[in-house]
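What follows is a short report on a single structure.
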Number of protein chains: 2
Amino acid sequence: MANPRLLKRQLSEPTISRLPIYERIAEGWERRGRSSIDSTQLGELAGVTPTTVRRDLAALGSFGQRGSGYDVAILKTRIAEALGYDQEYDVIVVGAGNLGRALVNSNNFLTRGAKLVAVYDQDPKVIGTEVAGQVVQDFQGPIAPVTVAVLCVPAAAVQSVADRLVTQGIHAFLNFAPQVISLPPGYAVHYVDFSIELQILMYHVANGTGPLGGGVLHSLGIATNSARRSVQRTLEKS
Amino acid sequence: MANPRLLKRQLSEPTISRLPIYERIAEGWERRGRSSIDSTQLGELAGVTPTTVRRDLAALGSFGQRGSGYDVAILKTRIAEALGYDQEYDVIVVGAGNLGRALVNSNNFLTRGAKLVAVYDQDPKVIGTEVAGQVVQDFQGPIAPVTVAVLCVPAAAVQSVADRLVTQGIHAFLNFAPQVISLPPGYAVHYVDFSIELQILMYHVANGTGPLGGGVLHSLGIATNSARRSVQRTLEKS
DNA sequence: GGATGTGAAGTAGTTCACAGCC
DNA sequence: GGCTGTGAACTACTTCACATCC
């Protein structure tokens, strides 16, 4: 906890959401044997301006090399430190339906410090079945004391599920149900809502923002576009 | 297309991302027989301040009743109009793996005007199987001319899949692969990246932002980017 | 030369506070 | 009285432009 690895620098929300993207790019760059990357290249690949990249990275301390850019290995390390990838976070998934199973089976979801500890469901037909090496547990039974619970239950059930998990001492939730939940103060919840993402995209399509005007694209807070293609091609060739 | 249903009012990105939440709340409120809701109630349920609610709704025109709040039915209608729920958007899903199947089977995903037209995959073992009443088509074959493609393919494949869909005339993408894709100018892409969402949540847990400080809640992708403007500039210059 | 890091300026979004209307 | 709608103030983030350093 008392790791003086990083100034207690409070990162801004947009910065936090971009760091994982930079990290992923650095990962790919490293795999291809490139040892450094500059803010322009990183910006094109991430879909942001070079200035934004430099501001984001400057918030992690000054480790860029003037004249040549950022060392890829150091870049990865700094982001990992800032985001806490070195720590392990125990995670449970609640709801072993289609989505829950898809998440657990994905090899992209539980990475960078997140460790799956158990999967729960209410349905007797599902309890006891195996998902990605985990035997599905009865949600009414004891709950593992973890950091984060991933909620993949139906919207109608999610509030009561969250309530029970709160009594079990869980303080952070990633909620995939299309339903806002209420929690005691001091608890954290983050929402992922597919249908809203789709609706937002459709809005942009309907209004010229998409196919008409200058290319828009949005992500979890990241816009992309443009000459990035050239850089990407360069990467793919090597 | 030329529906004069709404002033050409350009909604802000954060507003757009909150409107679907309000709409969902209105839906539930209506189901329970309540006929009006005020900005404080709506704000509590949505996790935002009453002022923000009022600003968001004022952008759709003034339809609130001073003294009593917003009529639930009108609220639903106005949001539906603004977001284009009345129009139908044809959608295809590319990639019938765990995630693709989970999305297609979900009854929350394809709603509010989104209509599933076809599901594609490359894998001969998957082609021809049935998913939610759709027979999975060969991705190498002809592609239905739709508005939006939902990409549920592996990260390594997603760029080439998008490239092919561009040649088939598709202009908007919802990308679930953890990989930024590049598209010609004027195309739209929106990203959903589970692992990044989880990482952001873990960051908040690690730093006091979550369990310590005042109750945090983050909604989905508050896509805060004016980077669009810079992208346009870049385009204009080139 | 070439890229970082950063004050200063600009812009978008939120919150305050209150006039106006039901 | 109660709640909306909105100018004004404020806050947060991005972009510009350039001094700085390898």
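Note on naming: letters A, B, ... go to the chains in the order of the sequence lines (proteins, then strands), and numbering restarts at 1 for each one.
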For B:M202 and A:R112, which heavy atoms make the closest approach, and how far apart are they?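 That would be CE-O, 3.8 Å.
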Distance in angstrom units between [X] [atom1] and [N] [atom2], rounded:
X	N	atom1	atom2	value
B:I16	C:dT14	CD1	P	12 Å
A:L75	C:dG5	CG	P	11 Å
A:L11	D:dA12	CG	P	15 Å
B:D38	D:dG1	CG	P	18 Å
B:D71	D:dC3	CG	C1'	15 Å
A:F63	C:dT6	CZ	P	12 Å
B:L42	D:dG2	CG	C1'	17 Å
A:Q41	C:dG2	CD	C1'	12 Å

Indicate, with a heavy-atom threshold strictly under 4.0 Å, whether [X] touches base, sugar-phosphate, or nothing.
X	value
B:T15	nothing
B:T40	nothing
B:G67	base

Go nucleotide by nucleotide along DNA chain D from the 5' end; which of B:G64 and A:Q65 gets its closest nucleotide reached first? B:G64
Toward the 5' end of DNA chain D, by each residue's nearest nucleotide, A:D56 or B:G69: B:G69
[X] side chain N/O closer than 4.0 Å to the phosphate oxygens (OP1, OP2) of [N]?
X	N	answer
A:R18	D:dT14	yes
B:Y70	C:dC22	no
A:S12	D:dA12	no

Could you tell me whether the side chain of A:Y22 reaches within less than 4.5 Å of the side chain of A:V48, counting heavy atoms only? yes
Once you round to the nearest 0.5 Å, how far does [atom1] of [X] lie from [atom2] of [Y]?
X	Y	atom1	atom2	result
A:I25	A:I79	CD1	CD1	9.0 Å
B:I200	A:L83	CD1	CG	8.0 Å
A:Y85	A:T111	OH	OG1	7.0 Å

In terms of relative ring orientation, are A:F194 and B:F109 parallel, tilted or perpendicular, with 30° and 60° separating the classes?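 Ring orientation, 0 to 90° scale: perpendicular.
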Does any N or O in the side chain of A:Q159 come within less than 3.5 Å of the main-chain N or O of A:S182, such that one atom is a donor and the other an acceptor? yes
Pairwise N/O distances under 3.5 Å, protein to nucleotides 15-19 of chain C:
residue : atom : partner : partner atom : Å
C:dT15  : OP2  : B:T49   : OG1          : 3.0
C:dT15  : OP2  : B:T52   : OG1          : 3.0
C:dT15  : O4   : B:R55   : NE           : 2.8
C:dT15  : O4   : B:R55   : NH2          : 2.9
C:dA17  : N6   : B:R54   : NH2          : 3.4

